[in-house]
Amino acid sequence: MNVDELVAIDVHTHAEVSADGHASLSDELAGALAKYFRGHSRPTIAETASYYRERKMAAVVFTVDAEHATGHPRISNEEIAASCAAHADVLIPFASVDPWKGRAGVREARRLVAEYGVRGFKFHPSVQGMAPDDRAAYPLYEAIEEMGVPALFHTGQTGIGAGLPGGGGIRLKYSNPMLVDDVAVDFPELRIILAHPSFPWQDEALAVATHKPYVYIDLSGWSPKYFPPQLIRYANTLLKDKVLFGSDYPMIMPDRWLADFDALDIKPEVRPKIVKDNAVRLLGLGAS
């Protein structure tokens, strides 16, 4: 990956379908998500690579492993990592390990980093049915901290399950960013990304990110024109080195996100930090 030639790094994109057509979510949850985002495509990882390559961008790619809570088999982490390796000029593999898997999950996480070059891990507390500060997840966090890669946590409301009776069993309370504060305290060297403007807990996310030196915020899942004013204010000032461009592709397309971001009142010296430079530093991508 020639970082110098990239114009942006999107730290939040989804692998929606495997090579054999297996979807990342059940039909019921996927249907609710599509309705929430008013429809979206299911690109293959190769198609994702082509999209970002055409735009001279790089992208972090992951799925969500929530087999315990949903009963739906995940897309293979190994497949995602291998597909990203085949497009290493533009794709960066993250993995997802269900924290309910205990010691087996810890072993898998270590193997994925050592053998497949995984660069981080994605957690979705609401879909996985576990609070981030549940001690059952701590052995997994300990391994991730030791390996020196980031952990990305979904925060705030989710389109998954939206509109279904009982929200499809998805409990929003698990995605309060304040629950990640305990994780930041107990694993002080762990790099943490709070994904999304954390509605309805935006102020909690800003508080954690300003208080804990290794907690970052990605801006995915929302068009920037809907960002709350306090998020824009902090991104421009106290958190200018800790806010990251993320789209939520393919639910929100980077072209739309970046066009709307251009209209925000972001300082000229801060804009490149958010779009690319902060991610380069956090992910250890370095110069070309």
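None of these values were measured; they are calculated from a predicted model.
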Note, [X] side chain near [Y] side chain (heavy atom, < 4.5 Å):
{"X": "L258", "Y": "M57", "value": "yes"}
{"X": "E145", "Y": "Y214", "value": "no"}
{"X": "P254", "Y": "R55", "value": "no"}
{"X": "T48", "Y": "H87", "value": "no"}
{"X": "T155", "Y": "E204", "value": "no"}
{"X": "R107", "Y": "K101", "value": "no"}
{"X": "T70", "Y": "V127", "value": "yes"}
{"X": "D255", "Y": "Y51", "value": "yes"}

Spatial distance of atom [atom1] ([X]) from atom [atom2] ([Y]) [nearest 0.5 Å]:
{"X": "M253", "Y": "T13", "atom1": "CE", "atom2": "OG1", "result": "10.5 Å"}
{"X": "I45", "Y": "E47", "atom1": "CD1", "atom2": "CD", "result": "10.5 Å"}
{"X": "D65", "Y": "H72", "atom1": "CG", "atom2": "NE2", "result": "10.5 Å"}
{"X": "H14", "Y": "I80", "atom1": "NE2", "atom2": "CD1", "result": "11.0 Å"}
{"X": "H124", "Y": "I170", "atom1": "NE2", "atom2": "CD1", "result": "7.5 Å"}
{"X": "I217", "Y": "Q202", "atom1": "CD1", "atom2": "CD", "result": "6.0 Å"}

Expected output: side-chain [X] to main-chain [Y] donor-acceptor under 3.5 Å:
{"X": "D98", "Y": "E67", "answer": "yes"}
{"X": "R171", "Y": "G169", "answer": "no"}
{"X": "R281", "Y": "D241", "answer": "yes"}
{"X": "D10", "Y": "A59", "answer": "no"}
{"X": "S96", "Y": "K122", "answer": "yes"}
{"X": "R53", "Y": "V90", "answer": "no"}
{"X": "S198", "Y": "W201", "answer": "no"}
{"X": "R271", "Y": "F261", "answer": "yes"}
{"X": "K276", "Y": "V3", "answer": "yes"}

Would you say that more than 12 heavy atoms from the other residues, nucleotides or ligands in this model lie under 6.0 Å from the [atom1] of [X], or not?
{"X": "R110", "atom1": "CZ", "answer": "yes"}
{"X": "D265", "atom1": "CG", "answer": "no"}
{"X": "R103", "atom1": "CZ", "answer": "no"}

Which heavy atom of [X] sits nearest to which heavy atom of [Y], and what is that distance?
{"X": "Y216", "Y": "L244", "answer": "CB-CD1, 4.0 Å"}
{"X": "V61", "Y": "C84", "answer": "CB-SG, 3.9 Å"}
{"X": "L179", "Y": "A131", "answer": "CD1-CB, 4.3 Å"}
{"X": "G129", "Y": "Y174", "answer": "C-CE1, 3.7 Å"}
{"X": "V11", "Y": "L152", "answer": "O-CD1, 3.8 Å"}
{"X": "P150", "Y": "I144", "answer": "O-CG2, 4.1 Å"}

Taking ring-ring contact (aromatic ring centres under 6.0 Å, His included) as the definition, give me every residue that meets it alongside [X], ordered by chain and number, with sequence neighbours left out.
{"X": "F94", "answer": "none"}
{"X": "W100", "answer": "H68"}
{"X": "Y52", "answer": "Y249"}

Checking side-chain contact (heavy atoms from CB on, under 4.5 Å) between F123 and each of V64, L140, V180, V97, which is the one that passes?
L140
Working for side-chain contact (heavy atoms from CB on, under 4.5 Å), residues Y116 and R111
CA-CA 7 Å; Y116 286 87; R111 179 173 56 82; 3.7 Å; yes
Summary of ring-ring contact (aromatic ring centres under 6.0 Å, His included) pairs that have at least one residue in residues 224-247, sequence neighbours excluded:
F245-W257
Assess, by modelled atom type and distance only, whether the side chains of D203 and Q230 contain a donor and an acceptor separated by less than 3.5 Å.
yes
Going through the distances and angles, do N2 and D89 end up as a side-chain contact (heavy atoms from CB on, under 4.5 Å)?
CA-CA 7 Å; N2 189 333; D89 59 318; over 6 Å; no
Check the hydrophobic clustering (I, L, V, M, F, W, Y; side-chain heavy atoms under 4.5 Å; chains of links allowed) and say if [X] and [Y] are grouped together.
{"X": "L206", "Y": "I232", "result": "yes"}
{"X": "L283", "Y": "L6", "result": "yes"}
{"X": "W222", "Y": "L172", "result": "no"}

side-chain contact (heavy atoms from CB on, under 4.5 Å) for H12 and V60? Distances and angles first, verdict last.
CA-CA 6 Å; H12 197 119; V60 169; over 6 Å; no
Check the pair V243, L219 against side-chain contact (heavy atoms from CB on, under 4.5 Å), reporting the backbone distance first and the verdict last.
CA-CA 7 Å; V243 172; L219 301 175; 3.4 Å; yes
List the residues meeting salt bridge (Lys or Arg N to Asp or Glu O under 4.0 Å) with K212, not counting sequence neighbours, and say none if there are none.
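With neighbours one apart ignored, the set is D181.
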Please report, to 0.1 Å, the donor-acceptor pairs under 3.5 Å made by any side chain of residues 182-197, with sequence neighbours excluded.
| from | atom 1 | to | atom 2 | distance (Å) |
| --- | --- | --- | --- | --- |
| D186 | OD2 | Y138 | OH | 2.7 |
| R191 | NH1 | E189 | O | 3.0 |
| H196 | ND1 | S220 | O | 2.9 |
| H196 | ND1 | S220 | OG | 2.8 |
| H196 | NE2 | H154 | ND1 | 3.1 |

